[in-house]
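To keep things clear, I will list the structure first and then write my remarks on it.
Residue indices begin at 1 and follow the sequence shown.
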Amino acid sequence: MGANSFTKSALSGAQGSRQYDVDVLVIGGGPAGAWAAISAAAKGAKVLLADKGYCGTSGATAPSGTNVWNVPPDIPAREAAKAERYDMGGRLAEPAWMDRVLEQSWLNLQQLAAWGYPFPSDEHGEQIRGSLQGPDYMRLLRKQVKAAGARIIDHSPALELLVNEAGAVCGATGVNRQSKDSWVARAGAVVIATGGCAFLSRALGCNVLTGDGLLMAAEVGAELSGMEFSNAYGLGPAFSSVTKSLFYNWARFYEADGTEIKGAGSSRGRGLIVDALQTRPVFARLDKADAQIRAWMRASQPNFFVSFDRQNIDPFTQMFPITLRLEGTVRGTGGLRVVDEHCATNVPGLYAAGDAATRELICGAFTGGGSHNSAWALSSGFWAGAAAADHGRQAGKSAKQVVLHAGEVGLHTRGHQSWQPSAVVRAVQAEVFPFERNWNRQADLLNDSLSRLDALWVQLKQGAPVSGLDEAIRAREAAAMLATSRWMYRSALARTESRGMHRRLEHARLDPAQRHRLISGGLDEIWLRQEAVAEQAQEAGTGVLA
């Protein structure tokens, strides 16, 4: 199917089609996508960045503050930083990659300071660069993307990748939500920076994070890794989307009658909260924070308090109901497998960065919000953009080839039975949201969920393409969430141990014999294989912007 059939097959309601011809297409406008666009443009590439929302305000980072894994170039300090997380991540991280990320994040934060990011200063006048305020950070990155010469198209979700007859990625198609146009971008290389998948759980900033990039990449044969480490839940008020959990270090947790749930506030207390929430409401109160800490909280994370203020609740003195929202691979570590230090995937012309890529290389089996994920986003984006620029400019010198659509479900299937994306989303959520299926896992429930998820995929694969722009977007989101859930649960079923955030009830201990990665892929049939964790340090350079 050639590129000209795009508007006829899936998007018959479009008013027209915008055409772009670039060296590098970056899909996603969060930190990883922005750094990729800046890095690619700095190497002289013609760059297009397509954001599902508005680059600078959409995604998990934009509305929040985030810590960054930032350690000065001091060998003992960096060795200590690596060791701190190595065991926590089940010894699946690789020291060479940790070194690279620590160095690149240090350099990129220096670059942010040079661009004028308003880092606070300590009592000696030295900048403190351990955290970033999302609105300021993303506003600055958008400005720098444009200053570098890259073009941004906002509110323009990508729907599918394009490939040439050799199977190399050479662009993508998508739609613009506001103009109601379709767009087609021919590119020598594509960077997937679409973030993780939070399954539309209403976690703050995650409504655009539905696994779209994972689906598009899998359709061209890309592999994934660490998808069993995908059951991260964010703690927050039951009436709010804010799942930033740092402040709960100063909380106690209670039953409805005010009885404290002993141990719930400890480092291992999240499981106690999960157990309680399955049968009754749980409440919190930030009553361990003194006046100084309270003032710091208000200043550092003002959006944390918005929902409390609206309901006239003082979280420091009054109990409030809490919940846990699934954040999936956003705070997990699973994602697209990268095969070299340039963040290339196994598919020619395709690169991955940020939460769309596996973070096992630096986090192993456990991560969380910010910190390592933030450092990985700015580092992997930087590397992927630079490599995509080199590849894209070289690919652009070759003769024009036939361009083929890679998208299937919702776009180019040949069935006649219609289906509702909203119903598919609800069906997937029913399998991945429940704590008893996804927080603590066991074989019988994993198989039970997979039987329904696999059958649903067959139904969609045999279904009719959707019609209309909005339905196409929703259909691809639903298909991406469904595909992500199947990679997650197949991988979780294969890892018969508990490691990092992956907890198997019938295999509660870590098994030293399973210190390997689980590589997954496929759509109609999910496949798995084991991959050894690299033990030897690898040569790897870093870079700075020209």
Side-chain angles (χ1 to χ4, degrees), residues 30-32 34-35 38-39 61 64-115 117-134 136-137 140-141 244-246 249 267 296 300 331 333 338 341 343 353-355 357-384 386 500 533-545:
W35 278 108
I38 292 167
S39 181
T61 296
S64 308
T66 180
N67 292 330
V68 184
W69 198 36
N70 182 43
V71 183
D74 173 78
I75 293 176
R78 289 191 173 178
E79 289 301 316
K82 292 189 296 180
E84 180 184 10
R85 293 298 289 260
Y86 187 65
D87 287 336
M88 187 184 299
R91 296 176 170 260
L92 294 184
E94 297 181 11
W97 275 94
M98 298 169 96
D99 287 333
R100 296 185 69 231
V101 168
L102 283 168
E103 180 63 15
Q104 192 66 62
S105 60
W106 177 260
L107 293 171
N108 284 21
L109 287 169
Q110 287 184 311
Q111 182 68 75
L112 281 176
W115 284 334
Y117 180 84
F119 287 108
S121 298
D122 62 18
E123 64 272 18
H124 304 295
E126 297 293 327
Q127 286 189 341
I128 304 171
R129 299 177 184 172
S131 64
L132 297 162
Q133 290 298 318
D136 294 334
Y137 180 32
L140 178 58
L141 285 184
K244 293 297 180 182
S245 58
L246 174 63
N249 290 334
S267 59
W296 165 75
S300 64
R331 288 197 188 190
T333 67
V338 297
E341 68 271 21
C343 293
D355 290 352
T358 181
R359 280 131 290 157
E360 290 173 293
L361 297 165
I362 65 165
C363 301
F366 177 86
T367 175
S371 187
H372 292 62
N373 282 9
S374 298
W376 173 252
L378 58 84
S379 299
S380 61
F382 185 92
W383 299 326
V533 177
E535 302 290 350
Q536 298 298 320
Q538 57 189 11
E539 291 294 328
T542 58
V544 292
L545 295 178

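- Legend: residues meeting side chain to side chain donor-acceptor pair (under 3.5 Å) with Ser374, ordered by chain and number and at least two apart, are Thr66.
- A distance of 12.0 Å separates OG in Ser379 from CG in Leu361, rounded to the nearest 0.5 Å.
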Which is it for Trp115 and Ile38 under the side chain to side chain contact (heavy atoms under 4.5 Å, CB included) test, yes or no, and what are the steps along the way? CA-CA 13 Å; Trp115 284 334; Ile38 292 167; 4.1 Å; yes
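- Partners of Lys82 according to the side chain to side chain donor-acceptor pair (under 3.5 Å) rule, which considers only residues two or more places apart in sequence or in another chain, are Glu79, Asp99.
- Here the side chain of Ser39 pairs no donor or acceptor atom with the backbone of Trp35 at under 3.5 angstrom.
- Listed by chain and residue number, Leu141, Val145 satisfy the side chain to side chain contact (heavy atoms under 4.5 Å, CB included) test with Ala34 (two or more places apart in sequence, or in another chain).
- Within the 4.5 Å cutoff, side-chain heavy atoms of Trp383 are placed close to those of Val101.
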Under 3.5 Å donor-acceptor pairs involving side-chain atoms of residues 67-75, not counting sequence neighbours:
| from | atom 1 | to | atom 2 | distance (Å) |
| --- | --- | --- | --- | --- |
| Asn70 | ND2 | Arg129 | O | 3.2 |
| Asp74 | OD2 | Ala77 | N | 2.9 |

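- The shortest heavy-atom contact between Gly354 and Trp376 is O-NE1, 3.1 Å.
- Looking at Arg359, its side chain does come within 3.5 Å of a backbone N or O of Ala357 through a donor-acceptor pair.
- You'll find the side chain of Leu378 reaches within 4.5 Å of the side chain of Tyr137, heavy atoms only.
- In this view, Thr367 and Arg85, Thr333, Cys363, His372, Asn373 satisfy the side chain to side chain contact (heavy atoms under 4.5 Å, CB included) rule, not counting sequence neighbours.
- Nearest approach of Glu94 to Ala534, heavy atoms of both residues: OE2-N, 3.2 Å.
- A search for side chain to side chain donor-acceptor pair (under 3.5 Å) contacts involving Ser371 returns nothing, not counting sequence neighbours.
- Annotation: side chain to side chain donor-acceptor pair (under 3.5 Å) contacts of Thr61 (sequence neighbours excluded): none.
- A donor-acceptor distance shorter than 3.5 angstrom exists from the side chain of Gln133 to the backbone of Ser300, with no hydrogens or angles considered.
- The ring pair (Phe, Tyr, Trp, His ring centres under 6.0 Å) check on Phe119 picks up Tyr117, with sequence neighbours excluded.
- With sequence neighbours left out, the side chain to side chain contact (heavy atoms under 4.5 Å, CB included) criterion links Ala384 to Val191, Cys343, Tyr351, Ala353.
- Once rounded to the nearest 0.5 Å, the distance linking CH2 of Trp106 with CZ of Arg78 reads 7.5 Å.
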